[in-house]
Amino acid sequence: MLKVEKLESGYGPMQILWGPDLEVKPGTITSLLGPNGAGKSTLLKTVLGSVPVMGGSVLFEGRDVTSLPTHKKVDLGITLVPEGKHLFKEMTVYENLIMGAYRKEARVHRDESLELIYSLFPILFERKDQKSGTMSGGQQQMVTIGRALMTKPKLIMMDEPSQGLAPKIVMEIFETIEKLKKEIGLTILLVEQNAAALDAADYVYIMHEGVIKAEGNPEEIKNSDEVREAYLGI
Amino acid sequence: MKNNNVIILLMVFLMMAIFNAQSVFAAKLEKVIIGHPAALSGKYAKAGEQAVAGIQAAVDWVNSVHGGIAVDGKKVPLDYKYYDCESRKESVTSLLERLITSDKVHFTFAPYSSGLTLAGAPIAEKYGMVYMDHGGASDKIFRQGFEYVVQTIGPGSRYHAGTLEMIKKIDPTTNPHPKKIALAYEDSEFARSVMDGAEEKAKELGFDIVFKRTYPKGVTDLTPLLSDLKAAAPDVVIGGGHFQDGQLLNKQMADLGINTRLLSLIAAATLPAFGEALGEFAEGVMGPSHWEYGVTFSKEGAAKEGLTWIGPSQDEYVKLFKKAVGSDTLPDYHAAEASAAVLALVLAVEKVNSVDPDVVRDALGELKFMSFYGNWDIDKTGKQVGHAMVDVQWQKGERKIVWPESAKTADVVYPKPDFK
Amino acid sequence: MIFEQLSGNLLQGVILGGVYGMATMGLSLIFGVLKVVNVGHGAFIMVGAYVALILFQTLGIAPPLAVPVALILGMALGMLFYYTAIKKLLKGPELASLLATFSIGVILEEVCKQLFTSEARGYHWGLDKLDLGFTVLPYSKLIAFGGSILVGLLLYLWFHKTRAGMAMRSVVEDDEGAGVCGINVDWEYALSFSIGIGLTVVSGVLLTMFIPVGINPYMGGSYTLKAFVIAVLGGLASPYGAFFGGLVFGLIENGSYTLFAQIPGLEPFAMTRFFSFVMLLVILLIRPTGLLRTK
Amino acid sequence: MMRHLQKYSPILPVLLAYGVLLGIGLAYPGKWQLIAQLAFYCALGQAFNLFMGMTGYVDFGYVAFLGVGTYGMAVSIYFLYDKGLGIGLIFIGLALAAVFSTGLSLAVGAVALRLRGAYFAIATIGVNEGFRYFVEGARIWNGADGMIFSRHLRKAVGRETAMTLSTQWADILVFGVAVLAAILTLVYMRNKVGYALTALREDEDAAKVMGINVTKFKIIAFITSAVLAGLLGASAWALKLTYVYPEDVFEIHYTVEAIIIVLLGGAGTLLGPIVGALIYGASKYFLAIVLPGFQLLIFAPIIIVIIVLFPEGTVGILKKKIRGTALEKFII
């Protein structure tokens, strides 16, 4: 579904990505793991278009989308659950979700998407008129995921959804992610430092210093001592 | 590569500015040049534009009608060189020096305003150049001991003297007698000297000052001050400072329905734009002016007073001015002042047959003359003492001179009509 | 007596403050969305004043009807300056955008000087006035006040009830979040700069209904400074906060005058200004999010 | 020893530039005022850059320090001229200027330095305007009337000396301020202050977490920059022009000029303010002569073009070009 080839990008004079290759197959969860500063977030942002591309290409469903602006990519069905949530804190939960269905294509399905999200996260229905900035971290993460679902995506990229959350909530989040794959058939690209992401994944990439160092099934990665010690610290 | 080009270009600019071709020193006097770091942009642009056009008109007259300046037994043309100091003090000094040293001008003019006049004074003094002050009305300039500064504009302290004398005369202290005067001026050195002068004069004539307040420059709403003023119930309001605040004061007095027997504003009320801006609210509003279109100074009048006359008649002057600005603009007193300063220089130079600054400066000290601008006479310090102001009143959308009686073009409407 | 004056001044202050508030909304909107402080703010107010003046004098169009013209002109100017200068400076240092907006202001001033000369001009609409006894209110002021409230209200509705307005609000809240929702952030920047400038030019028209005189190319400076104080009062990034900031400012400016006037030896008008800037500092320190926000 | 000297070698081009400028001024007395005006812009840029360039904080009310400095010198001459102090008045004036600007910078620093970005810029504008209206409203030192003290200076030191002071020594003092500002900038750059401020400019929070006493160094740079401005005001505005009006010395336009100069040259560089000042001053002067009345109309778009195309300023670009060459040691 998503194919990243020799992607290079960075901020101004500072290059971060040095040509990683990566593929996400439809209907799977693909995990991208690696230490802090490996360039994982930059990769996601480059795919979505908020960081300028310096070289290489991005293909979505076989189509070259490398230089398409972000909002056009959202139209095609790519979205991101950004690191650090990036909610509209002064807006209510409901308003946040509605904003997810901003594009014309998503607006058509607005009500059914809302229904789905409220069934996934009943708490969001209870609190739909609360300002999102006043909620707990876990709830905010739910709103972020809900907002991303509202765009009616085919591919969701998630940037460290477990960050800063209590272990119990992390479990819940991962369960939800798996549910999204199984029940709605979403394709997911999951970026994590948390090794728990290994278990949820169908396929794993290991990234370090802007390049892919290893890839394989979760078992293969787990069984490779070299990879575990060098990049995962487990 | 592109970057280098830009840098080189700017460097060339720099070199051109510093070593800009110097005019060859002329051993024989071929023309007389006056130099002027004018205020053509920035906050004094309005007055600066008028002054430049005024000087151009006067120079035009000297060359085309007067036939040039008579020095050394022949007539040489008068030349005028001006730069734009942007109403900024640091530019005044460098541009003035450039005029003196590179352009070799013979006489210098100060920019508009007391502050900028002061900024250039030390340079003019250093080079011993006559420095014609046409727009710095502060009395204090002439208490500093400058030797080369010569004023044409009248000093601020006398702006409202005529107005007060007029009230005293035409509204004798019978019932109801106007004794209560309110002063509301802009807070600046110039306006304050006008206010203090007015206060002194008013007390001398037996009026009561019931209100005396200033407002800061750049004010956008005078309502609180005016409601205070309204409470003091004055018979006469005098004040102002600049163009905008004068319009504002008038407009907001009308808004608040503050009716008085007389309203007199410095600077603003004497300009054509005032009537256009205020419409019927301008009716009856007065203002002291150094000069006004319609004054009746003439060659015959000069002869009667036994004074030398120089320069164009008023109508000729207006024609020359319009030619200089290239549009149908009437000159106001900022232009007339600057023109009169040129005429004073011409007379002084011709009298002593020299362009030596010291000799000319002495001649200016002795000089007494009349032009379309009126009388001209300075005291020992260079301060203008000969020029009398006129009072202008808006009557049916036109400016009429109503005081002094000898110069008036219409009778004063007093008390002024109420605001509708 | 003093009470009567104070109440008159306060009422005038509210009316004036409404117009001030309106004149600040554009500044706050632009800061809220782009994080750019528009130092050339006052110059756009000046442009609006000329729009009202010229339309009235040459075509006899009543000032309220000049509002749509001002809005269109302002939005066009906003787009022009956004795509020629601002867009390229958004990622640069703060300094660059400050200097750019300042230069834009200078360009406008100098162009207007060439077009209209630096003469202070005005127009005379000639409406009647309302005498309340303790103070007098011309109808043109009341119309300006009503217009300001209307614009403020429309802006509020637009922000809260329309899709486009909510999208812009979401960019104010979090531009990255807005991006993943498929909102074209760059276009929202352009649009909000354009609307911000449009509002500012419109406020210039309304200001002339309040004060139809003294219109000149350099009149904007004092409005820029006032707008800064008002914007901070209302919370720098909140356009309708700015409206209430304006009301508060008008009240304080006119109210404190009466009080300062009781102290001998002071120039109350200048002290009023001094007081408003002190207030600016205090608010920045204690409550940088503005008076309204609860956080 | 050598290493020590090398550390400070970038001062050489700076001294060279000021030396050449001063040399031209002395060799062509008829150009002295132009040189003086350029020196004023150099000093203004250099002093402003000391704080703004190093910290990234834009003090929009910077001109207030020049203003109080002007008042320092003015007060000394206006009130003490008949005390028989002679030339000593000037030193008292400079001292007062330093005291006033230090005092104001401490007060402003205590309040405004807690703020960042646009909030800091607006707060400092507020300080400048508030201070001006306080002077006018409370009628301090004649309020809006200001002080005209040409006469006083003349009474104190005699006509000839007064004239030389105003038309020559005041400008030499400006050169002094410029050189002093450059030296202090380099010393700070090469010492703890500079490192701390660089860290602060990149990421203030991170610098705090790293245990750098950000506030202390920020205040040191702020006060230094303010005192230099005070001295500049005392010499270029008070001693040279011999009058002071509050609306003239608290005029925000001068802060903008400082920003333009620093940005044209390159913020945070040592040589930048000089290059910026020369470009700015010379082109302004040139336009005033060639096209009087139109220079702002021409200048403003040029500034926009320059900041859009060269956001790092001329010296910033130069630094990039000479990276790795022998010149690198001298140009920072």
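All heavy atoms count here, side chains included; hydrogens, waters and symmetry mates do not. Numbered from 1 within each chain, the chains take letters A, B, ... in sequence-line order. Small disclaimer: the values here were computed from a predicted structure and weren't measured.
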**Message:** So which atom in A:Gly210 and which in A:Pro20 form the shortest heavy-atom distance, rounded to 0.1 Å?
**Reply:**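 Looking at all heavy atoms of both residues, the shortest contact is O-CD, 3.5 Å.
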**Residue pair C:Ile197 / C:Gly74: nearest heavy atoms and the distance that separates them** =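 Looks like CG2-O, 3.3 Å.
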Which bit of [X] is near chain C, if near means a heavy-atom gap under 4.5 Å: side chain, backbone, both or neither?
X: A:Leu80; answer: both
X: A:Pro69; answer: neither
X: A:Ser50; answer: neither
X: A:Lys45; answer: side chain

**Sequence-distant partners of A:Tyr205, ring pair (Phe, Tyr, Trp, His ring centres under 6.0 Å), two or more places apart** =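 Once residues adjacent in sequence are excluded, the partners of A:Tyr205 under the ring pair (Phe, Tyr, Trp, His ring centres under 6.0 Å) criterion are A:Tyr203.
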**Prompt:** Parallel, tilted or perpendicular: which fits the ring planes of C:Tyr156 and C:Tyr240, with parallel below 30° and perpendicular above 60°?
**Reply:**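 Aromatic pair C:Tyr156/C:Tyr240 classed perpendicular.
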**Prompt:** Who among C:Met166, C:Arg163, C:Arg169 has the most heavy-atom pairs with chain A under 4.5 Å?
**Reply:**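 Max contact count across the listed options: C:Arg163.
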**Item:** Face-on cation placement of A:Lys128 at A:Phe125 ring, 6.0 Å and 45° thresholds
**Value:**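 Checked: cation-pi criterion met.
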**Message:** If you count heavy-atom pairs within less than 4.5 Å of chain C, which of A:Met150, A:Lys85, A:Arg147, A:Met157 leads?
**Reply:**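 Highest number of heavy-atom pairs under 4.5 Å: A:Arg147.
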